[in-house]
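First up is the structure itself, then whatever we jot down about it.
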Amino acid sequence: MNLLNISGSPHVHSDESTKRIMWRVNMALIPALLVAIAYFGMSALIISVISVLSCVLFQWLIEKYIMKVPSTVGDGSAIVTGLLLAFNVPATVEMMWIVVIGALVAIGVGKMAFGGLGKNPFNPALVGRVFLLISFPVQMTTWPKVGGLFSHMGISATITPDQAVQLGVDATTGATPLGIIKEHGLDALPQAWDLFIGHLGGSFGEVSALAILLGAAYLLWKKIISWHIPVAFIGTAFVFSAILYFVDPIHVEVIDKVKQTMGTVGYIDPLTTILTGGIMLGACFMATDMVTSPMAKSGQIIFGVGCGLLTVIIRTWGAYPEGVSFAILLMNSVTPLINRWCKPKRFAC
Amino acid sequence: MKTFRMGGVHPEENKISNDAAIEVMPVPAQMVVLMNQHLGAPATPIVQKGDKVKVGQLIGEAQAFMCANVHSPVSGTVLKVEPCKDAFGLAKPAVYINVEGDEWMETIDRTPDIKRECTLEPKQIVDKLKEMGIVGLGGATFPAHIKYNIPEGKKAEYLIINAAECEPYLTSDYRVMMEHAEEVCIGVSILRKALGVPNAYIGIENNKPLAIAKMQETARQFEGIVVEPLKVKYPQGAEKQLINAVTGRKVPSGKLPIDVGCMVSNLGTAFAVYEAIQKNKPLIENILTVTGKKLPSQHNYIVRIGTTYNDIIKHSLGELPATTGKIISGGTMMGKAVVNLDAPTVKGNSSVLVMDEGEARRNPETACIRCGKCMHACPMGLEPYMFSVLVKNNRIEEAKEHNILDCIECGCCFFSCPANKPLTDEIRLGKNKVRAMMAAKK
Ligand code: SF4
Ligand code: SF4
């Protein structure tokens with residue numbers, strides 16, 4: 001007969017595993033990827049593939065040659081990082097090589113430098129993204145206009161001269177709604193419905209709130225994320241921007257000093273706030289990263305509220321049109337502190 | 001439906017031996033009776049080599065305070081009195097008996113008649129529990145006469161009978177309810193009387209609708225017995241969780257149930273109490289489930305305490321399946337892996353659970369991804385991932401400050417961890433270290 005196994009209890013385990021969690025996150029990102037491909041053409045797909053492959057390759061190389069530990073690329077977490085990184089860049093031709101640098105920073109600095117999955121304090125994809133934003137400011141803020149599936153690679157020609165005039169941008173380069181507001185005032189903004197289904201420019205994974213919410217619903221269903229961070233994040237951004245908006249909805253100001261165009265600018269209305277830029281993607285997929293967000297529900301609420309406040313603050317008063325990445329990274333840095341304060345409620349206490 | 005509120009998990013129930021009626025396991029040719037079958041000091045053997053003993057005769061006497069009497073489960077001749085290794089490999093004082101016939105003590109009522117009336121006073125009941133060697137059969141084997149001797153100044157308001165049987169696989173309590181509902185209710189009434197509480201609550205998990213119906217129907221003929229269906233959630237039957245589910249009260253850290261006016265006993269104990277008080281039968285038998293997914297048949301047995309694991313396996317299965325990976329005494333969440341199959345069973349054993357190689361294997365541990373699943377699963381509101389780090393780094397003082405001693409070792413944390421971190425192992429080690437540290441300080 002066999003020798004008997006004599007390990008301690010419990011003797012059964014749930015079928016949960018890190019690998020399964022990561023693959024499910026990847027699954028949940030697919031709708032947003034498909035929308036991106038539909039709107040930006042094949043360049044979105046190509047950038048994603050390059051980003052994912054680079055992340056996996058860098059992790060494998062670092063584990064094999066620098067850390068000299070068994071490879072963990074099979075757990076799928078490098079793929080999550082690769083996809084999220086790709087979703088955070090514009091779908092332009094130049095990005096196809098820039099994103100490789102982003103991947104190196106995301107995996108090398110954002111993750112492996114801290115010891116690998118689970119030990120990184122910051123969301124690796126965001127580390128990569130912010131590095132690119134600082135190093136390649138022009139390329140990172142030149143967005144293609146949304147086109148069709150078979151539109152010209154990267155830069156779509158579907159924008160009409162009328163629209164170009166309306167948007168106040170040149171016809172070959174799209175602008176994100178937030179960029180438009182920063183530069184041209186509120187009037188030039190696309191309508192909320194377009195924002196919701198994804199008809200706007202932007203980093204390519206950020207464009208369709210609907211697709212992102214679909215993925216998030218799947219993660220909620222599989223209990224990989226809980227509602228606390230996304231709801232606190234989006235809710236806070238909504239409420240805070242609503243307060244600003246009602247305090248000061250329209251106040252006229254000359255924005256574009258070069259072109260001398262007048263635009264009405266005040267604060268952005270709350271619906272536009274939550275439907276634009278990376279809030280949806282950030283709140284559902286990046287702020288909810290298990291490794292870098294608090295564990296207790298109460299801590300998750302604080303974390304979400306912090307992300308929401310910082311995002312609106314940076315958008316409204318900061319130099320960058322978008323604040324989601326910085327907001328999440330800042331909140332990542334206080335996560336250990338939040339974990340220390342927000343303990344689970346002990347039994348009978 | 002009532003339940004405890006915080007944490008908990010839902011392991012596969014696997015109550016595959018539910019429908020196997022209780023069979024009587026034959027008495028083996030030789031018996032080893034351990035003197036330490038309960039929490040506390042071993043009983044003192046009062047027989048010697050060559051002595052003749054009868055079934056139910058006292059052979060180990062409780063002389064220490066925390067101790068319980070041990071009776072002979074068989075009749076025959078004492079072969080020797082010397083230590084024997086228990087199921088987990090620890091040597092314990094024991095009495096070896098060569099079985100001859102099956103001659104019972106005359107005092108024991110072996111008729112099948114059910115005796116309802118109990119005229120004993122509470123004090124007499126408790127004394128008789130001591131005499132009969134009754135211990136808690138829910139796992140802790142705490143001597144019943146100590147438990148039911150309420151300390152001065154404390155008062156019991158609730159008697160709760162744990163029939164949740166929340167552990168996967170186990171079905172012995174279920175079978176007792178199905179086959180001995182009336183005796184159980186009498187036992188519960190006796191305990192109720194001993195405590196002087198108005199009501200007793202029998203908590204049963206809702207995955208046993210037949211048992212709930214049966215107990216409800218039977219309880220109707222008794223005064224002050226309420227059957228309380230409970231939500232199916234592990235560890236519904238853990239003492240603090242059960243009290244919380246049934247009464248809404250919470251036993252604070254480091255306190256006993258009686259501090260919040262509660263007393264919890266296991267359903268099997270209630271049955272043993274009936275037999276002891278009404279039939280003069282000491283605790284010499286276990287009701288035990290023999291089960292496993294890959295076994296050709298599933299069983300529930302009534303087994304003389306002291307029958308070895310090998311005897312049980314031989315009788316019920318002939319031979320262990322070739323792919324057996326682990327044998328567990330108890331359920332899959334809190335049971336212990338058996339090390340020594342030659343060891344005798346002891347009071348409180350509830351199962352011989354045979355796990356297949358595949359089931360018995362642990363998945364390799366990976367890095368903690370800080371998902372918090374362990375924390376959300378913990379029914380005590382602790383932070384298991386943190387204990388893991390603290391214990392590994394020998395930060396014992398901090399582990400204590402984070403209330404590691406509150407851990408009830410339910411296993412929910414390890415069960416839920418996607419990184420397969422052996423949290424419960426580490427916490428057990430940590431608790432021992434904390435206790436050692438506290439003892440050293442004294
Ligand atoms: S074993 Fe201890 S720490 Fe783990 S879930 Fe149970 S009570 Fe909590
Ligand atoms: S469940 Fe496991 S992986 Fe998740 S926080 Fe706890 S120890 Fe870490």
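Just so you know, these numbers come straight off a predicted model, no measurement behind them. Sequence lines set the chain letters: A, B, ... in the order given, protein chains first and strands last, and positions in each chain run from 1.
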Under 4.5 Å from a heavy atom of chain A, the part of [X] involved:
X	result
Lys240(B)	both
Tyr385(B)	side chain
Met375(B)	side chain
Ile369(B)	both
Arg428(B)	side chain
Asp406(B)	side chain
Cys371(B)	both
Val338(B)	backbone
Met6(B)	side chain
Pro379(B)	backbone
His376(B)	side chain

Flag if over 12 foreign heavy atoms under 6.0 Å of [atom1], [X]:
X	atom1	result
Glu365(B)	CD	yes
Lys222(A)	NZ	yes
Leu429(B)	CG	yes

For [X] versus [Y], what's the shortest heavy-atom pair and its separation?
X	Y	result
Asn244(B)	Phe347(A)	CB-CZ, 4.1 Å
Pro10(A)	Phe415(B)	CG-N, 4.1 Å
Met295(A)	Gly372(B)	SD-CA, 3.7 Å
Ser7(A)	Ala337(B)	O-CB, 3.5 Å
Ala367(B)	Leu117(A)	CB-O, 3.6 Å
Pro344(A)	Leu382(B)	CG-O, 3.9 Å

**OP:** May I have the step-by-step check of side-chain contact (heavy atoms from CB on, under 4.5 Å) for Arg362(B) and Asn5(A), ending in yes or no?
**Re:** CA-CA 10 Å; Arg362(B) 281 183 178 183; Asn5(A) 202 316; over 6 Å; no
Original post:
Which members of residues 14-31 of chain A, sorted by number, sit under 4.5 angstrom from chain B on a heavy-atom basis?
Top reply: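 The list, in residue order, reads Ser14(A), Glu16(A), Ser17(A), Thr18(A), Ile21(A).
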Subject >> Contact listing (chain B partner; residues 52-76 of chain A; heavy atom under 4.5 Å) >> reply: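 Checking residues 52-76 of chain A against chain B gives no residue, so none.
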Original post:
Is the backbone N or O of Gly335(B) less than 3.5 Å from a side-chain atom of His11(A), with the two atoms forming a donor-acceptor pair by type?
Top reply: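 Present.
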Just so I understand: if I count every heavy-atom pair under 4.5 Å between each of [options] and chain A, which residue has the most?
options	value
Asn420(B), Leu353(B), Asn363(B), Ile328(B)	Ile328(B)
Lys336(B), Lys373(B), Arg249(B), Arg5(B)	Lys373(B)
Gly381(B), Cys378(B), Ser253(B)	Gly381(B)

Subject >> Choice from Lys119(A), Lys297(A), Lys223(A) maximising heavy atom contacts with chain B below 4.5 Å >> reply: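 Max contact count across the listed options: Lys297(A).
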Original post:
Most heavy-atom pairs under 4.5 angstrom with chain B, which of Ser77(A), Gly8(A), Ala296(A), Ser293(A)?
Top reply: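 Of the candidates given, the most pairs with chain B belong to Gly8(A).
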Original post:
Looking at CE of Met333(B) and NE2 of His13(A), how far apart are the two atoms once the value is rounded to the nearest 0.5 Å?
Top reply: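 It is 8.5 Å, given to the nearest 0.5 Å.
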Would you call [X] and [Y] a side-chain contact if the rule is heavy atoms closer than 4.5 Å?
X	Y	result
Asn339(A)	Arg370(B)	yes
Arg346(A)	Asn403(B)	yes
Leu341(B)	Leu4(A)	yes

